[in-house]
Chemist: 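The structure under discussion is supplied below as structure tokens; questions concerning it will follow.
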Amino acid sequence: MSAEINTKYDPVAVEDKWYDFWNKNGFFHSEPDSRPAYSIVIPPPNVTGVLHMGHMLNNTIQDVLVRRARMKGFNAVWVPGTDHASIATEAKVVNYLKEQGIDKKVLTREEFLKHAWEWKEKYGGIILKQLRKLGASCDWERTKFTMDPDMSEAVIDVFVDLYNKGKIYRGVRMVNWDPKALTAVSDEEVIYKELQSKLYYVRYRIEGEDNEYITIATTRPETILGDTAICMHPDDERYAKYKGKRAIVPLVNRSIPLIYDEYVEREFGTGALKITPAHDINDYNLGIKHHLETINIFNDNGTLSEKAQFLVGMDRFEAREAIIPMLEKAGNLVKIEDYVNKVGFSERTNEVIEPKLSMQWFCKMGELAKPALDAVMNGDINFYPEKFKNTYAHWMENIKDWCISRQLWWGHRIPAYYLPNREFVVAHNADEALNIARQKYPELSLTINDLQQDEDVMDTWFSSWLWPLSVFDGIRNPDNEEIKYYYPTSALITAPDIIFFWVARMIMAGMEWRGRIPFKDVYFTGTVRDKLHRKMSKQLGNSPDPIMLMEKYGADGVRFGMLLSSPAGNDLLFDESLCEQGRNFSNKLWNAFRLVKGWEIDATIEQPLHTATAVKWMQNRINEVLAEVEENFKRYRLSETLMSIYKLIWDDFCSCFLEVVKPAYQKPIDGKTYKEIVDVFEKLMTILHPFMPFITEELWHSLRERSEKETIMLVAMPEIADTDQKLLDEFANARKVIEQVRRVRNEKNIAQKHALRLNVYADQESCKPEFDAVIAKLCNIENIEYKGNCDVDGASFIENNVQYSVPLTGFVDAAEEIKKLESDLKYAEGFLQNVLKKLSNERFVNSAPQQVVEMERKKQSDAEEKIRIIKEQLSKLK
RNA sequence: GGGAGCUUAGCUCAGUUGGUUUAGAGCAUCUGCCUUACAAGCAGAGGGUCAUAGGUUCGACUCCUAUAGCUCCCACCA
């Protein structure tokens with residue numbers, strides 16, 4: 001039997017073969033047509049990225065949804081692409097050049113960009129190749145990059161549009177400065193971490209007094225050099241006497257005012273706060289309010305500038321150390337305490353953020369946010385899980401303007417052109433800018449050479465927020481067929497940590513430029529963690545390489561593992577054993593196939609009764625599960641869906657159905673059954689296909705002769721049909737009986753080979769031959785007999801209030817039987833008591849719904865009957 | 001400091017508006033099996049006073065209050 005087929009399924013060879021087959025035949029490609037559209041745009045990974053477990057989870061989910069949609073009759077498209085990720089990519093290219101001995105500083109902008117593009121062409125987008133291993137059914141012909149010419153045009157269009165609407169402005173503000181990347185970053189790109197640091201108490205002499213001091217507490221003593229005030233609470237009696245006086249900044253001996261503001265917490269430190277308006281956002285605000293001087297003591301790279309007067313050129317952290325002995329020597333240091341505070345780090349470079357005053361471009365968010373907030377709150381857009389609605393609402397209601405300029409070269413350059421008169425115009429290109437400028441300032445007689453384009457580029461998210469629009473050319477060409485057909489997209493699958501960066505802004509962009517939501521559903525995946533609940537990270541080395549995992553367990557196995565334990569929004573505690581389970585499942589399928597494929601068919605044989613029953617049951621079970629699957633998909637409960645399919649195949653199809661229909665050893669199978677088995681098998685592969693695309697395609701092709709271009713990918717998903725609940729219930733009861741007989745075998749240690757008899761203590765007319773046939777087949781029972789009375793000659797059990805007994809002369813230990821029956825009796829009596837307690841409660845009988853009361857009465861009579869049977873049996877044994 | 005959420009078997013989680021035979025699943029565990037598809041397997045079994053304490057109710061895993069512990073988000077008091 002099937003000796004030529006290996007008992008182990010080997011996914012590696014199979015998977016590459018089918019991926020090529022799908023891709024070559026264009027099964028992933030979509031063009032608008034008369035069918036309803038289903039569209040997903042990939043969250044574009046960084047062009048520098050390599051596949052990690054988070055991508056695996058995210059993209060597996062997208063693939064499942066897209067594949068299912070295709071099979072449900074939708075014209076499904078999954079648009080892939082990459083993000084230019086300005087900071088990350090620029091940093092990578094700078095490092096790469098450094099390794100080649102090239103310093104970015106000696107390059108012109110054009111030279112650097114040439115290198116960057118070369119790097120991108122050579123090393124970028126690896127991740128898209130890796131996604132193919134996973135089986136991702138992306139429409140590769142549509143692959144986009146956020147800096148493709150058309151995508152870039154859309155970004156510029158949007159910038160100009162917003163500028164013309166008065167929603168983009170330029171101004172000097174306190175921004176989050178990344179001294180390593182030498183650029184501003186947005187508030188969302190700052191991550192606060194708790195650090196063990198020190199709180200330094202430093203005293204400032206009161207001007208005009210020899211021995212009067214005010215002591216302040218600070219975590220950043222180096223910024224003392226930029227102090228321009230000391231602030232205290234107006235009601236703080238300790239400091240009331242200094243009103244109107246000034247203090248002397250240590251070391252630099254600058255005279256600064258003492259100011260009073262309710263912002264100061266009297267309880268913190270000494271209740272006196274040093275003010276450095278150039279280097280702290282709160283100090284900055286106080287500075288504006290109290291008209292303070294601003295002294296910027298840092299260079300852009302975080303070293304101290306000339307303005308500091310001391311420690312010039314030294315890094316800010318070294319300066320923090322170095323200034324302490326200086327303060328001590330000058331007699332200003334009072335004490336140092338340990339202190340835990342939170343420090344902002346740059347998301348991209350992990351450098352400590354330095355608040356810095358600088359000229360930046362901002363986008364006004366208030367008006368953009370309103371319709372986007374409504375779209376989510378009124379249910380036009382659904383979040384899964386729903387709890388993220390709160391997070392979203394809170395952010396949207398408190399939204400701040402978006403700093404969109406970055407002091408980088410890699411990205412979309414801000415389309416603002418400066419004129420010799422220090423004015424600027426915003427335009428799609430230099431020519432347009434020149435025209436506008438000439439109209440505005442005819443007296444200047446400008447030429448193109450007088451225009452100086454802004455040096456900054458835009459925040460990467462300023463292009464990503466257009467993604468669902470721009471991949472279908474919806475900005476430049478809003479009436480094109482594609483955007484009309486595919487937009488809004490059907491679902492967005494992403495991680496909750498970019499809800500503000502990306503999700504919220506895409507909704508704003510969709511409402512602003514199309515007046516419509518960009519997607520109907522947002523599914524937030526959890527974070528992939530290790531078994532110890534730690535985030536996957538390079539530093540910890542706890543992140544497995546997905547490619548290696550796929551080689552070891554097959555892409556199907558890894559997909560199975562990722563999906564089985566990842567309900568929406570829940571973290572996924574990844575463990576290789578999950579993939580192992582997936583691989584084992586593949587192997588199970590493979591062996592089920594081997595079994596079926598090995599049978600000889602004899603068309604002359606009649607279909608046995610047990611087989612006919614099993615086939616009917618299996619078809620009903622499939623329908624039952626199909627309904628569950630449908631319901632679960634609606635709620636994006638993919639784990640539950642996969643689990644019910646898994647159980648359907650393993651427990652129902654393999655463990656039960658195939659065992660029933662399996663012909664006796666070396667005997668052929670009848671033709672009708674064989675065809676029905678193949679139909680069922682095929683149907684199961686179809687239902688499973690979105691989850692495990694490779695093995696299902698392989699087996700689907702092997703079960704029947706197929707033409708060269710046929711694929712399971714495009715087979716219609718089976719429709720939900722009505723189920724015969726009575727049949728399902730009766731079969732379930734038969735399975736319970738089967739379990740009981742098997743338990744008897746187990747306990748008495750009777751081999752399966754040894755045929756048994758089964759006595760049923762019920763009337764002959766209650767006999768259901770079709771189910772008895774199934775029981776007989778699976779338990780190796782030679783005869784099932786209906787008797788009126790119960791015997792004591794065997795191991796007995798009760799199922800659905802019918803008593804059964806397996807006659808086993810010589811195997812039965814009466815004492816043991818009694819013990820078992822007594823324990824059953826105790827349970828049944830306890831149960832009955834519970835029910836009676838309820839029923840004897842008048843208020844329950846009066847106030848509970850009729851149905852519930854009847855249910856309890858049924859419970860009562862069932863329990864009483866069970867007790868009667870047990871007692872009868874016990875009396876006979878005794 | 002503000003907000004959201006979580007706490008159900010050893011682990012990871014279901015449990016739909018309070019009532020479906022005194023709580024379910026997968027994995028893990030235990031027992032017996034190399035039974036002619038699969039030991040990456042087969043058959044069977046054990047395991048939970050649903051975080052704690054109150055309350056509402058005829059009835060609470062489910063609703064309310066308090067407490068404890070955990071997670072995440074926002075704010076960023078030097």
Side-chain angles (χ1 to χ4, degrees), chain A residues 1-2 5 7-9 190 192 199 216-220 223 231 263-265 267-270 272-276 280-283 339 341-344 385 387-391 394-395 398 496-497 499-500 527 531 533 557 564-565 567 569-573 575 577-578 580-581 583-598 631 635 637 639-640 643-644 646-647 654-655 658-659 662 664-666 739 742-747 749 751-753 780 827-828 830-831 833-835 838 841-849 851-853 855-856 858-860 862-863 866:
Chain A
M1 175 182 287
S2 311
I5 313 177
T7 61
K8 299 279 185 282
Y9 171 63
V190 181
Y192 288 89
L199 192 59
I216 57 89
T218 180
T219 54
R220 301 199 58 190
T223 62
C231 187
Y263 167 78
V264 177
E265 295 280 337
E267 291 73 28
F268 188 91
T270 60
L273 172 64
K274 72 189 241 0
I275 306 295
T276 324
D280 183 282
I281 180 66
N282 299 303
D283 290 12
Y339 185 66
N341 68 337
K342 284 191 171 182
V343 178
K387 65 177 175 184
F388 288 110
K389 264 173 101 163
N390 293 326
T391 315
H394 185 258
W395 190 73
N398 297 285
D497 52 340
I499 186 168
F500 309 132
T527 310
K531 263 196 290 189
H533 295 233
L564 196 60
S565 64
N570 273 28
D571 285 355
L572 169 74
L573 303 184
D575 183 351
S577 68
L578 290 167
E580 207 178 313
Q581 201 185 339
R583 180 206 54 185
N584 294 354
F585 185 44
S586 297
N587 203 47
K588 187 73 185 175
L589 291 167
W590 178 249
N591 279 290
F593 165 73
R594 281 180 64 228
L595 174 70
V596 172
K597 209 59 190 169
E631 188 54 34
R635 297 160 69 188
R637 294 162 63 125
S639 288
E640 284 87 345
M643 181 51 77
S644 37
Y646 172 78
K647 286 196 283 187
C654 293
S655 298
L658 288 179
E659 291 299 330
K662 187 197 247 178
Y665 183 46
Q666 290 191 332
E739 262 174 40
R742 282 170 169 172
R743 192 176 52 75
V744 170
R745 272 192 193 277
N746 235 299
E747 277 171 8
N749 214 352
Q752 175 73 14
K753 278 180 207 158
N780 190 15
Y827 179 90
F831 179 76
Q833 233 170 12
N834 240 319
V835 175
K838 268 192 200 174
N841 185 334
E842 246 177 72
R843 283 190 292 180
F844 168 72
V845 179
N846 292 337
S847 36
Q851 243 182 331
V852 175
V853 178
M855 185 72 71
E856 291 301 313
K858 172 94 167 59
K859 282 191 207 171
Q860 180 193 355
D862 283 358
K866 193 168 180 179

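A, B, ... follow the sequence lines: proteins, then strands. Residue 1 opens every chain.
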Chemist: Round to a whole Å and report the spacing from NZ of A:Lys858 to C1' of B:U21.
Modeler: 9 Å
Chemist: Going by heavy atoms in the side chains, are A:Arg745 and A:Asn780 under 4.5 Å from each other?
Modeler: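 When only atoms from C-beta onward are counted, A:Asn780 and A:Arg745 do touch, with a gap below 4.5 Å.
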Chemist: Side chain of A:Ala592, heavy atoms from C-beta onward: which of B:A78, B:A37, B:G26 has the nearest atom to it?
Modeler: B:A37
Chemist: Both A:Val596 and A:Lys342 contact RNA chain B. Which one's nearest nucleotide lies toward the 5' end?
Modeler: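 Looking at RNA chain B, the more 5' nearest nucleotide goes with A:Val596.
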Chemist: Measuring from A:His533:NE2 to A:Leu573:CG, what's the distance to the nearest 0.5 Å?
Modeler: 4.5 Å
Chemist: Can you list the residues that meet the ring pair (Phe, Tyr, Trp, His ring centres under 6.0 Å) rule with A:Tyr339, with sequence neighbours excluded?
Modeler: A:Phe268
Chemist: Mark up nucleotides 57-62 of chain B, 5' to 3', with B wherever a protein heavy atom is under 4.0 angstrom from a base atom, S wherever such an atom reaches only the sugar-phosphate, and - elsewhere.
Modeler: -B----
Chemist: Quick one: list whatever passes side chain to side chain donor-acceptor pair (under 3.5 Å) with A:Lys662, sequence neighbours left out.
Modeler: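 For A:Lys662, the residues satisfying side chain to side chain donor-acceptor pair (under 3.5 Å) (neighbours in sequence not counted) are A:Glu659.
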Chemist: Please enumerate all residues that pass salt bridge (charged side-chain N to carboxylate O under 4.0 Å, His left out) together with A:Glu747, with sequence neighbours excluded.
Modeler: A:Arg743
Chemist: Would you indicate which nucleotide in B:A78, B:G44, B:A25 comes nearest to any side-chain atom of A:Thr218?
Modeler: B:A78
Chemist: Starting at the 5' end of RNA chain B, which residue's closest nucleotide do you reach first, A:Lys387 or A:Tyr339?
Modeler: A:Lys387
Chemist: Roughly how far apart, to the nearest Å, are B:C63 and B:G18 at atom C1'?
Modeler: 8 Å
Chemist: Hey, does A:Asn390 reach any base, or is it just sugar-phosphate, or nothing, if we go heavy atoms under 4.0 Å?
Modeler: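 Sugar-phosphate contact only.
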Chemist: With rounding to the closest Å, how many angstrom separate the C1' atoms on B:A43 and B:C34?
Modeler: 14 Å
Chemist: Under 3.5 Å, side chain of A:Asp280 to main-chain N/O of A:Ile275, donor-acceptor pair present?
Modeler: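 Here the side-chain-to-backbone pair does not exist.
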Chemist: Go through the structure and list residues passing side chain to side chain donor-acceptor pair (under 3.5 Å) with A:Tyr263, not counting sequence neighbours.
Modeler: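 Residues passing side chain to side chain donor-acceptor pair (under 3.5 Å) with A:Tyr263: A:Asn282.
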Chemist: State the CZ-NE2 distance between A:Phe500 and A:His394, to the nearest 0.5 angstrom.
Modeler: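 The NE2 atom of A:His394 is 9.0 Å from CZ of A:Phe500, to the nearest 0.5 Å.
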Chemist: Between the base of B:A43 and the side chain of A:Glu659, is there a donor and acceptor pair under 3.5 angstrom?
Modeler: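 When only heavy-atom distances are counted, A:Glu659 does not reach the base of B:A43 through any donor-acceptor pair under 3.5 Å.
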Chemist: Considering only B:U21, B:A78, B:A45, which nucleotide approaches the side chain of A:Arg743 most closely?
Modeler: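 Per side-chain heavy atoms of A:Arg743, the pick is B:A45.
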Chemist: Return the set of residues passing salt bridge (charged side-chain N to carboxylate O under 4.0 Å, His left out) with A:Lys647 (not counting sequence neighbours), or none when no residue passes.
Modeler: none
Chemist: For A:Lys866, I'd like to know if atom NZ has over 12 heavy atoms of other residues, nucleotides or ligands within 6.0 Å.
Modeler: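 Incorrect, the count does not exceed 12.
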Chemist: A:Tyr665 has an atom OH; how far is it from atom C1' of B:U36, in whole Å?
Modeler: 4 Å
Chemist: Separation of A:Leu273 atom CG from B:C76 atom C1', in whole Å?
Modeler: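 One finds 14 Å between C1' of B:C76 and CG of A:Leu273, rounded.
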Chemist: For A:Glu267, answer base if it contacts any base atom (sugar-phosphate contacts may also be present), sugar-phosphate if it contacts only those atoms, and nothing otherwise; contact means non-hydrogen atoms under 4.0 Å.
Modeler: nothing
Chemist: Can you tell me how far C1' in B:A45 sits from the matching atom in B:C50, rounded to whole Å?
Modeler: 23 Å
Chemist: For B:G54 versus B:U16, give the span between their P atoms, rounded off to a whole number of Å.
Modeler: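 25 Å, rounded to whole Å.
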Chemist: Counting primed atoms plus P, OP1 and OP2 as sugar-phosphate and everything else as base, spell out the protein contacts along nucleotides 10-16 of chain B at 4.0 Å heavy-atom distance: B, S or - for each nucleotide, 5' to 3'.
Modeler: --SSSS-
Chemist: Below 4.5 Å, heavy atoms only, C-beta onward: do A:Val596 and A:Leu658 meet side chain to side chain?
Modeler: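 With C-beta onward as the side chain, the pair touches.
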Chemist: If we take the C1' atom in both B:U31 and B:U20, what is their distance in whole Å?
Modeler: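 My reading of the C1' atoms in B:U31 and B:U20 gives 33 Å.
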Chemist: Return the set of residues passing ring pair (Phe, Tyr, Trp, His ring centres under 6.0 Å) with A:Tyr646 (not counting sequence neighbours), or none when no residue passes.
Modeler: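 For A:Tyr646 the ring pair (Phe, Tyr, Trp, His ring centres under 6.0 Å) partners, ignoring immediate neighbours, are A:Phe560, A:Phe585, A:Trp650.
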Chemist: In whole angstrom, give the distance that lies between atom CG of A:Asp280 and atom P of B:C76.
Modeler: 10 Å
Chemist: Grab the CH2-C1' distance between A:Trp590 and B:A37 for me, whole Å please.
Modeler: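 Roughly 12 Å, once rounded to whole Å.
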Chemist: How far, in whole Å, is B:A75 from B:G69 if one measures between their P atoms?
Modeler: 26 Å
Chemist: Quiz question: by atom type and distance under 3.5 Å, do the side chains of A:Asn846 and A:Arg843 form a donor-acceptor pair?
Modeler: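 No, no side-chain donor-acceptor pair sits under 3.5 Å.
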Chemist: What is the nucleic acid contact for A:Gln752, judged by heavy atoms within less than 4.0 Å: base, sugar-phosphate only, or nothing?
Modeler: nothing
Chemist: Output one line per pair: protein atom, nucleotide atom from nucleotides 29-34 of chain B, and distance, for all N/O pairs under 3.5 Å.
Modeler:
none

Chemist: If you compare every side-chain N and O of A:Lys662 against the phosphate oxygens of B:A37 (OP1, OP2), does one of them come in below 4.0 Å?
Modeler: yes
Chemist: If I take atom CG from residue A:Leu578 and atom NZ from residue A:Lys531, how far apart are they, to the nearest 0.5 angstrom?
Modeler: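 Taking CG in A:Leu578 and NZ in A:Lys531, the distance rounds to 9.5 Å.
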Chemist: Do A:Lys859 and A:Asn834 come within less than 4.5 Å of each other through their side chains, counting heavy atoms only?
Modeler: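 Heavy-atom side-chain distance check fails, nothing below 4.5 Å.
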Chemist: Does B:U21 have its OP1 or OP2 closer than 4.0 Å to a side-chain nitrogen or oxygen of A:Tyr827?
Modeler: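 Result: no.
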Chemist: With under 30° as parallel and over 60° as perpendicular, where do the rings of A:Tyr827 and A:Phe831 fit, or are they tilted in between?
Modeler: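 It falls in the parallel class, under 30°.
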Chemist: So which protein N/O to nucleotides 40-42 of chain B N/O distances come out below 3.5 Å?
Modeler:
from	atom 1	to	atom 2	distance (Å)
B:A40	O4'	A:Asn584	OD1	3.1
B:A40	O2'	A:Asn587	ND2	3.1
B:A40	N3	A:Arg583	NE	3.1
B:G41	OP1	A:Asn584	ND2	3.2
B:G41	O3'	A:Lys588	NZ	3.1
B:C42	OP1	A:Lys588	NZ	2.6
B:C42	OP1	A:Trp650	NE1	2.7

Chemist: Is the phosphate of B:C27 approached by A:Tyr646 (side-chain N or O, under 4.0 Å from OP1 or OP2)?
Modeler: yes
Chemist: Given atom CD of A:Gln666 and atom P of B:U36, what is their separation to the nearest angstrom?
Modeler: 12 Å
Chemist: What distance separates A:Thr527 OG1 from A:Asp497 CG, expressed to the nearest 0.5 Å?
Modeler: 6.5 Å
Chemist: So A:Gln581, base contact, sugar-phosphate only, or nothing? Heavy-atom distance under 4.0 Å.
Modeler: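 Counting heavy atoms under 4.0 Å across all strands, the contact made by A:Gln581 is with sugar-phosphate only.
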Chemist: Taking the C1' atom in each of B:U71 and B:G44, what is the distance between them to the nearest angstrom?
Modeler: 39 Å
Chemist: Runs of at least three consecutive Watson-Crick or G-U pairs, both distances under 3.5 Å, are what I'm after; which ones involve RNA chain B?
Modeler: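 Stem list for RNA chain B: B:1-7 with B:68-74, B:10-13 with B:24-27, B:29-33 with B:41-45, B:51-55 with B:63-67.
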Chemist: Check the distance between B:G44's P and A:Arg745's CZ and give it to me in whole angstrom.
Modeler: 12 Å
Chemist: Write down the distance between CG (A:Leu578) and P (B:A28), rounded to a whole number of angstrom.
Modeler: 10 Å
Chemist: Excluding sequence neighbours, so at least two apart, what forms side chain to side chain donor-acceptor pair (under 3.5 Å) with A:Lys389?
Modeler: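 Not a single residue meets the side chain to side chain donor-acceptor pair (under 3.5 Å) criterion with A:Lys389.
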Chemist: Of the options B:G19, B:A4, B:U22, whose atoms approach the side-chain atoms of A:Val852 most closely?
Modeler: B:G19
Chemist: Say we look at B:A51 and B:A60: how far apart would their C1' atoms be, to the nearest angstrom?
Modeler: 16 Å
